[in-house]
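This report concerns only the one structure given below.
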Amino acid sequence: MRPSKTQASISIKFILICFLCLLLHLLVFKSNFTPFKENHPSPILETHESNTRTTQLSKEQPPPSSSSPYCPSQPITPTPTKTPAFIAQALLHYATTNITPQQTFTEISVSMRVLQKKAPCNFLVFGLGYDSAALNHGGRTIFLEEDQSWIEQIKKKHPTLESYYVVYGTKLHQADELMEIGMGEDCKIVVDPRVSKCKLSLKGLPNEVYNVEWDIIMVDAPTGYHDEAPGRMGAIYTAGLMARNREDGETDVFVHDVDRVVEDKFSKAFLCEGYFRKEEEKIRHFTIPSHRNPS
């Protein structure tokens, strides 16, 4: 039987569709055999090579030069670290005790990371709080406290604690005047605080404080939240001076309550932004090297 015109038309369309599909298949198959390497490099490889070159250049750059021997011009770039198990155990201790620490868990962890690396070491603390006890196991820790009754109260629970009563001769409302004095040449000379001519230098501390090279100093006292309080101007300056006056090596200095004006400005001025390492919540960490001239 002779096929109808409709059937013939469908057959032609079917043949054309099959032909187009075959042609498309051949084109795709050919493209798969295109050589992998071409004249233009891969964007991914270009990015990797560019990053490698940038890293090499940054490693070759010399460290920033110091604008003065007292303070460097650029901050030290901190190396990120994971929270060690030592800190986790300490935070667990504070979490399960009935006593509320003067610093938060996050703030405590900043100094405890350094303690883990340096302990047993020499640790000087301006202030005496519940969160200060037993942080430097096996090392020497001295606490300087302005409240004699508080020392007696703490020693009832920790009789072996080495703490000293300290009287500060400044007032918080003198901070602006003392900052101006601190910018003078007398306050830039690195010497034993007892013989410094700088009015910010604390000269009446126990001899035990001056006779030790401190590996870590925590400034969390004296009181500094009202005009008639002693303020931490002298404590911050003296911490920086003792760090610079050590024979060699470096001292890690922590300042708490840097959300307040005095702690913020005096730590930046006398511990130096160039030695800044880390800040968490209200605590700031500096690492200050010895500035003693080699003999």
Side-chain angles (χ1 to χ4, degrees), residues 102-103 122-133 135-136 140-184 186-187 189-214 216-246 251 253-258 260-267 269-271 282-283:
Q102 279 69 45
Q103 296 182 20
N122 295 322
F123 184 21
L124 176 64
V125 183
F126 286 84
L128 178 58
Y130 286 119
D131 51 344
S132 301
L135 295 182
N136 181 26
R140 185 180 187 184
T141 304
I142 288 182
F143 300 94
L144 304 177
E145 174 58 40
E146 62 186 303
D147 187 343
Q148 182 66 54
S149 63
W150 180 245
I151 294 176
E152 294 171 359
Q153 183 178 339
I154 293 295
K155 279 198 168 184
K156 288 179 181 179
K157 296 184 178 181
H158 304 282
T160 61
L161 215 61
E162 188 176 3
S163 57
Y164 298 94
Y165 174 60
V166 176
V167 177
Y168 296 91
T170 57
K171 299 293 183 182
L172 187 65
H173 63 76
Q174 299 172 324
D176 289 340
E177 177 189 350
L178 291 172
M179 173 64 79
E180 186 175 350
I181 290 173
M183 295 296 104
D186 285 343
C187 296
I189 300 173
V190 177
V191 292
D192 186 309
R194 290 171 289 189
V195 299
S196 173
K197 294 181 180 179
C198 181
K199 291 183 179 180
L200 276 167
S201 180
L202 299 178
K203 303 175 179 65
L205 302 178
N207 285 330
E208 288 83 354
V209 174
Y210 302 112
N211 295 334
V212 176
E213 289 193 345
W214 299 103
I216 303 175
I217 301 176
M218 171 72 72
V219 180
D220 202 3
T223 308
Y225 57 85
H226 60 87
D227 282 351
E228 293 303 314
R232 299 178 186 172
M233 300 81 68
I236 292 172
Y237 173 82
T238 304
L241 183 58
M242 287 191 290
R244 292 179 177 87
N245 192 51
R246 64 181 295 156
T251 302
V253 181
F254 299 88
V255 178
H256 192 223
D257 297 317
V258 293
R260 302 192 303 213
V261 174
V262 165
E263 284 80 353
D264 176 45
K265 290 186 176 180
F266 275 72
S267 65
F270 300 114
L271 302 182
K282 297 190 294 182
I283 196 165

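Along the sequence shown, residues carry numbers from 1. Keep in mind that the numbers below use all heavy atoms, side chains included, and drop hydrogens, waters and symmetry copies.
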Trace of the side-chain contact (heavy atoms from CB on, under 4.5 Å) decision for L172 with H226: CA-CA 7 Å; L172 187 65; H226 60 87; 5.7 Å; no

Derivation and outcome, side-chain contact (heavy atoms from CB on, under 4.5 Å), residues L202 and V166: CA-CA 10 Å; L202 299 178; V166 176; 5.9 Å; no

Verdict with supporting geometry, I283 and M218, side-chain contact (heavy atoms from CB on, under 4.5 Å): CA-CA 10 Å; I283 196 165; M218 171 72 72; 3.9 Å; yes

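Put simply, the side chain of S196 never gets that close to the backbone of V191: no donor and acceptor are under 3.5 Å apart. Side-chain atoms of S163 never come within 3.5 Å of backbone atoms of I151 as a donor-acceptor pair (strictly under, hydrogens ignored). Between the side chain of D227 and the backbone N or O of H173 there is no donor-acceptor pair closer than 3.5 Å. Distance alone, capped at 3.5 Å, places no donor-acceptor pair between the W214 side chain and the T251 backbone. Counting only distance, with no hydrogens or angles, the side chain of Q174 and the backbone of K171 share a donor-acceptor pair below 3.5 Å. Within the 3.5 Å criterion, the main-chain N or O of V209 finds no donor-acceptor partner in the side chain of Y164.
Considering all non-hydrogen atoms of both residues, E263 and V258 come closest at CB-CA, 3.8 Å. Taking each heavy atom of A235 and A221 in turn, the nearest pair found is CB-O, 3.8 Å. Considering every non-hydrogen atom in both R140 and V212, the closest pair reads NH1-CG2, 3.6 Å. Residues E146 and P230 approach most closely at OE1-CG, 3.7 Å, considering heavy atoms. Closest non-hydrogen pair, Y210 versus G204, comes out as OH-N, 3.4 Å. Closest of all the heavy-atom pairs between A175 and V262 is CB-CG2, 3.7 Å.
Here F254 pairs with H285 under the ring pair (Phe, Tyr, Trp, His ring centres under 6.0 Å) rule; sequence neighbours left out. With sequence neighbours excluded, no residue forms a salt bridge (Lys or Arg N to Asp or Glu O under 4.0 Å) with D176.
Considering only heavy atoms from C-beta on, F270 comes within 4.5 Å of M183 through its side chain. Annotation: side chain of V195 is not in contact with side chain of S201 (no heavy-atom distance under 4.5 Å). Taking 4.5 Å as the limit, every side-chain heavy atom of R232 sits out of range of all side-chain heavy atoms of V255. Taking the side chain as every heavy atom from C-beta outward, L200 and M179 never approach each other to under 4.5 Å. Two residues are said to be in side-chain contact when any heavy atoms from C-beta on lie closer than 4.5 Å; D192 and R194 meet this criterion.
Expressed to the nearest 0.5 Å, how far CD of Q153 lies from CD of Q148 amounts to 12.5 Å. Going from atom CD1 of I181 over to atom NZ of K197 covers 15.0 Å, rounded to the nearest 0.5 Å. One distance of note links CG of L241 with CZ of R246; it measures 13.5 Å at 0.5 Å rounding. To the nearest 0.5 Å, atoms OG1 (T238) and CG (N245) are separated by 11.5 Å. Atom CE of M242 sits about 4.0 Å away from atom CD1 of I217, to the nearest 0.5 Å. The structure places CZ of F123 at 7.0 Å from CZ of F143, a figure rounded to the nearest 0.5 Å.
Other residues, nucleotides and ligands contribute only 12 or fewer heavy atoms inside 6.0 Å of the NZ atom of K265.
By the 30° and 60° cut-offs, the orientation of the rings of Y168 relative to F126 is tilted.
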